[in-house]
Every structure is written in structure tokens, then in C-alpha cells.
Amino acid sequence: KQEVTQIPAALSVPEGENLVLNCSFTDSAIYNLQWFRQDPGKGLTSLLLIQSSQREQTSGRLNASLDKSSGRSTLYIAASQPGDSATYLCAAGDYKLSFGAGTTVTVRA
Amino acid sequence: NAGVMQNPRHLVRRRGQEARLRCSPMKGHSHVYWYRQLPEEGLKFMVYLQKENIIDESGMPKERFSAEFPKEGPSILRIQQVVRGDSAAYFCASSPDTYGYTFGSGTRLTVV
């Protein structure tokens with residue numbers, strides 16, 4: 001059974017600082033790894049999808065890496081802004097995603 | 001493309017009533033998934049459906065819960081005889097293949 005862990009559970013940074021969010025998973029035979037953003041009381045917004053054959057994906061200020069051998073993925077958010085405040089979730093799996101508990105990010109203006 | 005549409009957004013039911021949650025996938029997506037987010041817990045997989053077929057229902061409680069995705073119309077998650085422990089946010093997602101999820105905004109069920 002795939003177990004996904006996210007550290008830290010919460011993070012508070014001043015505006016402009018780079019963010020580093022960590023995700024670890026127990027089964028290295030993952031199919032895909034996907035990062036989501038969830039705003040309070042809202043749904044999930046897909047940020048980046050890394051297929052198992054890929055090492056990283058980039059979109060704007062976001063970059064996610066995947067290291068299957070160590071069972072880790074890292075989401076980098078460059079030059080954080082207050083609008084980046086949200087809970088970030090990583091999920092691993094094929095059609096059945098196993099989610100981490102999330103990292104709640106607060107970017108202080 | 002309107003995205004994944006879920007309704008209602010909020011649903012209040014008394015204990016013992018039935019709850020019906022609807023999900024219309026994105027255009028072109030034939031794979032539908034339901035997840036549940038209990039208060040202070042992470043999202044948990046419930047069921048995976050394709051048109052007229054349940055592919056994997058390993059995350060569904062054995063009793064009172066059922067799901068369908070008919071040939072025509074939205075996918076329905078049905079909860080019979082709701083109890084307080086069913087209060088949660090229920091999210092639907094769809095994908096064109098078995099990856100690349102798009103989630104809906106969820107239905108927040110409150111059982112009173």
C-alpha cells in the first residue's frame with residue numbers, strides 16, 4: 001500500500017522567499033506523481049504532473065522533481081507571493097491516487 | 001470547457017435520509033473518480049468508474065454507499081441512511097486516461 005508523507009505540515013515565509021515542499025512515498029513503483037493546490041473550502045487545482053519516466057516538470061515559477069529511487073518529490077516555488085498561500089498536496093499512483101496530508105503555506109506580505 | 005462540475009456545492013441531510021451527489025466530467029473525459037475528505041484528514045480514494053462500469057470500488061464503504069456512471073448523464077454517488085460520520089467533502093475527478101486528474105470543486109455534505 002502506497003504511503004505518502006509531506007513535510008513540513010505548515011510553512012510561513014516572507015514574500016519573495018523561495019519555497020521548498022517535500023513529499024516522500026513508500027512504493028517506488030509509482031505510475032505518476034501529481035502536485036495540487038487546495039484553497040480553504042475549495043477544490044483541488046492541478047499544478048504539475050510528473051510521469052514515472054520523467055525527472056521533473058516546470059510551469060512558470062513552479063518546478064517539481066521526482067526521484068523514484070529515493071522515493072521523493074520536491075516542489076519548488078520561486079519568489080513566493082501572498083497569493084501562493086494555500087495547502088499543497090502531493091499524490092502518487094496510477095488511477096488510484098494516494099494523497100499526503102498536505103503542507104499549508106502562508107506567505108506574509 | 002467548463003471543467004468538472006459537481007452539484008450541489010453544499011448539501012444538508014438529516015440522519016437517515018439519502019444523499020445524492022452529482023458529477024459531470026470534463027468533455028472528452030471517460031474516467032471518473034470519487035474521493036472523500038473527512039475533517040482534518042487527507043483525501044481518500046473511493047471509487048473509479050468508466051461509462052456504465054465500476055472499475056475499482058475498493059475504497060467504498062461496504063454498506064450504504066453506491067456509485068454509478070450511466071451511459072447518459074452525470075456520475076452519481078449515493079449515500080443511503082446517512083449518519084453523522086458521513087459529513088465530509090466529496091470530490092469528483094475526471095481524466096482522459098488513467099492519469100492527469102482534473103478535480104471538481106466538491107460537495108460538502110453535512111449530516112445533522
Side-chain angles (χ1 to χ4, degrees), chain A residues 1-10 21-27 29-54 57 59 64 66 68 73 75 86-105, chain B residues 1-10 21 23-26 29-50 53-60 67 69 88-110:
Chain A
K1 181 188 171 191
Q2 181 74 268
E3 300 285 343
V4 179
T5 304
Q6 291 187 248
I7 294 173
L21 308 180
N22 297 300
C23 171
S24 61
F25 46 90
T26 53
D27 185 355
I30 64 169
Y31 192 68
N32 297 303
L33 189 130
Q34 198 162 354
W35 283 92
F36 297 89
R37 167 184 172 141
Q38 185 174 28
D39 292 282
K42 302 287 180 62
L44 280 71
T45 301
S46 179
L47 298 174
L48 292 167
L49 166 68
I50 311 175
Q51 297 184 41
S52 62
S53 59
Q54 299 173 324
Q57 282 287 335
S59 176
L66 175 63
K68 289 171 58 180
S73 177
L75 177 66
T87 296
Y88 292 83
L89 302 167
C90 76
D94 45 22
Y95 67 83
K96 183 192 296 187
L97 291 178
S98 296
F99 280 83
T103 295
T104 299
V105 171
Chain B
N1 197 336
V4 178
M5 304 300 293
Q6 289 190 250
N7 64 79
R9 292 291 302 276
H10 300 274
L21 288 63
C23 170
S24 296
M26 282 185 70
H29 287 193
S30 59
H31 303 252
V32 168
Y33 317 84
W34 286 92
Y35 283 75
R36 178 165 67 173
Q37 188 173 37
L38 292 165
E40 307 304 323
E41 293 189 23
L43 281 97
K44 303 293 185 187
F45 169 83
M46 298 182 75
V47 62
Y48 162 37
L49 310 105
Q50 294 183 25
N53 288 302
I54 297 174
I55 308 301
D56 183 342
E57 57 180 349
S58 58
M60 290 275 274
F69 188 17
Y90 292 82
F91 291 98
C92 170
S94 71
S95 65
D97 203 322
T98 54
Y99 62 92
Y101 278 36
T102 299
F103 275 86
S105 298
T107 293
R108 279 147 187 87
L109 172 66
T110 302

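Just so it is clear: chains get the letters A, B, ... in the order the sequence lines come, proteins before strands, and each one is counted from 1.
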Value rounded to 0.5 Å, distance of NZ in Lys96(A) from NZ in Lys44(B)
12.0 Å
Nearest heavy-atom approach of Gln38(A) to Gln37(B) is NE2-OE1, 3.1 Å
Please identify, among Ile55(B), Thr102(B), Asp56(B), the residue contributing the most non-hydrogen atom pairs under 4.5 Å to chain A.
Asp56(B)
Tyr95(A) side, atom OH; Phe45(B) side, atom CZ - distance, nearest 0.5 Å
6.0 Å
Tell me which of these, Thr45(A), Asn32(A), Leu49(A), has more heavy-atom pairs under 4.5 Å with chain B than the rest.
Asn32(A)
Are there over 12 heavy-atom neighbours, none belonging to Met5(B), within less than 6.0 Å of that residue's CE?
no
Where on Ser95(B) is there a heavy atom nearer than 4.5 Å to chain A: the side chain, the backbone, both, or neither?
neither
Would you call Tyr33(B) and Leu97(A) a side-chain contact if the rule is heavy atoms closer than 4.5 Å?
no
Out of Phe91(B), Tyr35(B), Phe103(B), which residue meets the ring-ring contact (aromatic ring centres under 6.0 Å, His included) rule with Phe36(A)?
Phe103(B)
I need the residue from Gly59(B), Gly106(B), Ser105(B), Ala89(B) with the largest number of non-hydrogen atom pairs under 4.5 Å to chain A.
Ser105(B)
Hey, does Gln34(A) have a side-chain heavy atom less than 4.5 Å from the side chain of Tyr101(B)?
yes
